[in-house]
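The block underneath contains the structure these notes are about, expressed in structure tokens.
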Amino acid sequence: MKLRGLYAITDSQLLAGRFLAYVEAALEGGVTLLQYRDKSQDHARRLGEAEALKALCERYNTRLIINDDAELAARLDVGVHLGQTDGPLTPARTLLGRSAIIGATCHAQLDLAEQAAREGADYVAFGRFFNSVTKPGAPACNVQLLDDARGRIKLPIAVIGGITLDNAAPLVAHGADLLAVIHGLFGADSTAEVTRRARAFNALFASA
Ligand SMILES: Cc1ncc(COP(=O)(O)OP(=O)(O)O)c(N)n1
Ligand SMILES: Cc1nc(C(=O)O)sc1CCOP(=O)(O)O
Ligand SMILES: [Mg+2]
């Protein structure tokens, strides 16, 4: 499967009261990867929501990724996204198997991406590219890094942080494969608007 297009990420606060409706609206518009990102310790709710997302993803032929939690990913037989403090990639690969998608946060550091590649990641993520409402304190990154990554990084590249329809096109032009978006997708007033945004993010790849 080619990892290219919209990478939708959930946010439990932003999606409170409209969680599945907004996720399904995004899936209607086209989502290459869907990440379940919930930073709480409510394990029962996390399991229930992740199971519901897995069922939705199966209907829309989208791959589900769990943020931070390789054990939950293993329980559901889906992929995982690991940051630099979320545990090593190698045991996660052993736990999840060869066919699972495993992604790694690399901030603005190509050496971290090369290390993730050596350790068997399926994609690397760079960010944050713009001011992020969701994670304002994330280290900053710019498109020069994407130019530098060309030739050095063979894996699909996800970009993240403050991405909207107004600022995403240059990232795709500079080689981003996956646009990882929370607020710029789900910070919308209606399900119809979420679907429209998802379609528009995907259209950026069609014209690149
Ligand atoms: C696609 C993608 N890229 C980066 C992150 C950030 O991961 P991390 O640094 O572990 O921070 P948290 O998301 O866990 O707060 C991500 N989740 N997804
Ligand atoms: C979860 C996350 N990680 C980042 C990083 O730079 O590693 S930025 C970020 C938040 C992404 O949400 P939004 O699209 O609302 O800015
Ligand atoms: Mg993390």
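The residues of the chain are indexed from 1 along the displayed sequence. Remember, it's 1-based here, ligands and their atoms both numbered in the order they're listed.
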Legend entry - Ion pair check, Asp177 and Lys2, cut-off under 4.0 Å: no
Legend entry - Interfacing atoms of ligand 1 (cut-off 4.0 Å, heavy-atom, Asp86): 10 (O)
Inset, instruction - Check each heavy atom of Leu178 against ligand 1 and say whether those closer than 4.0 Å belong to the side chain, the backbone, both or neither. - result: neither
Legend entry - Nitrogen or oxygen of Thr105 less than 3.5 angstrom from that of ligand 1: yes
Legend entry - Test item: Asp147 and Arg150 side chains (from C-beta on) under 4.5 Å apart, heavy atoms: yes
Legend entry - Ion pair Arg46/Asp69, N-O distance below 4.0 Å: yes
Inset, instruction - Grab the two heavy atoms, one from Gly30 and one from Leu6, that are nearest each other, plus how far apart they are. - result: O-CD2, 3.7 Å
Inset, instruction - Output, in order, the C-alpha distance, side-chain angles, deciding distance and verdict of side chain to side chain contact (heavy atoms under 4.5 Å, CB included) for Leu95 and Glu71. - result: CA-CA 8 Å; Leu95 184 67; Glu71 301 286 337; 4.2 Å; yes
Inset, instruction - Examine Leu112 and Leu146 and state if one hydrophobic cluster contains both, with Ile, Leu, Val, Met, Phe, Trp and Tyr joined whenever side-chain heavy atoms are less than 4.5 Å apart. - result: no
Legend entry - Glu119 with Arg93: basic N within carboxylate O range, under 4.0 Å: no
Legend entry - Proximal ligand 1 atoms for Asp68, defined as those under 4.0 Å from one of its heavy atoms: 10 (O), 14 (O)
Inset, instruction - For the pair Thr94 (side chain) and Thr90 (backbone), establish whether a donor and an acceptor sit closer than 3.5 Å, ignoring hydrogens and angles. - result: yes
Legend entry - Distance, nearest 0.5 Å, that separates CG of Asp148 from CZ of Phe126: 9.5 Å
Inset, instruction - Determine, for Glu193 against Arg197, whether the closest basic-nitrogen to carboxylate-oxygen distance falls under 4.0 angstrom. - result: yes
Inset, instruction - Please list, in chain and residue-number order, the protein N/O/S atoms closer than 2.8 Å to the Mg ion (ligand 3). - result: Asp68 OD1, Asp86 OD2
Legend entry - Per-atom contacts of ligand 1 with Lys39, taking only distances under 4.0 Å to non-hydrogen atoms: 12 (P), 14 (O), 15 (O)
Legend entry - Pairing of Arg45 and Asp38 as salt bridge, 4.0 angstrom limit: yes
Inset, instruction - Could you list which atoms of ligand 1 come closer than 4.0 Å to a heavy atom of Gln35? - result: 1 (C), 2 (C), 16 (C), 17 (N), 18 (N)
Legend entry - Working for side chain to side chain contact (heavy atoms under 4.5 Å, CB included), residues Arg59 and Glu24: CA-CA 10 Å; Arg59 276 181 39 214; Glu24 183 157 14; 2.7 Å; yes
Legend entry - Residue pair Ile163 / Phe201, side-chain heavy-atom distance below 4.5 Å: yes
Legend entry - Pick from His81, Gln84, Arg37, Lys135: the one approaching atom 2 (C) of ligand 1 most closely through a non-hydrogen atom: His81
Legend entry - Within the 4.0 Å heavy-atom sphere of ligand 2, strictly under, residues: Arg37, Gly127, Arg128, Ser132, Thr134, Lys135, Ala138, Ile160, Gly161, Gly162, Val181, Ile182, His183
Inset, instruction - Could you tell me whether Tyr7 and ligand 1 have an N or O pair separated by under 3.5 Å? - result: no
Inset, instruction - Consider only side-chain heavy atoms of I, L, V, M, F, W and Y, link residues closer than 4.5 Å, and tell whether Leu33 and Ile153 are in one cluster. - result: yes
Inset, instruction - Using distance alone, decide if ligand 1 has a nitrogen or oxygen within less than 3.5 Å of any nitrogen or oxygen in Asn67. - result: yes
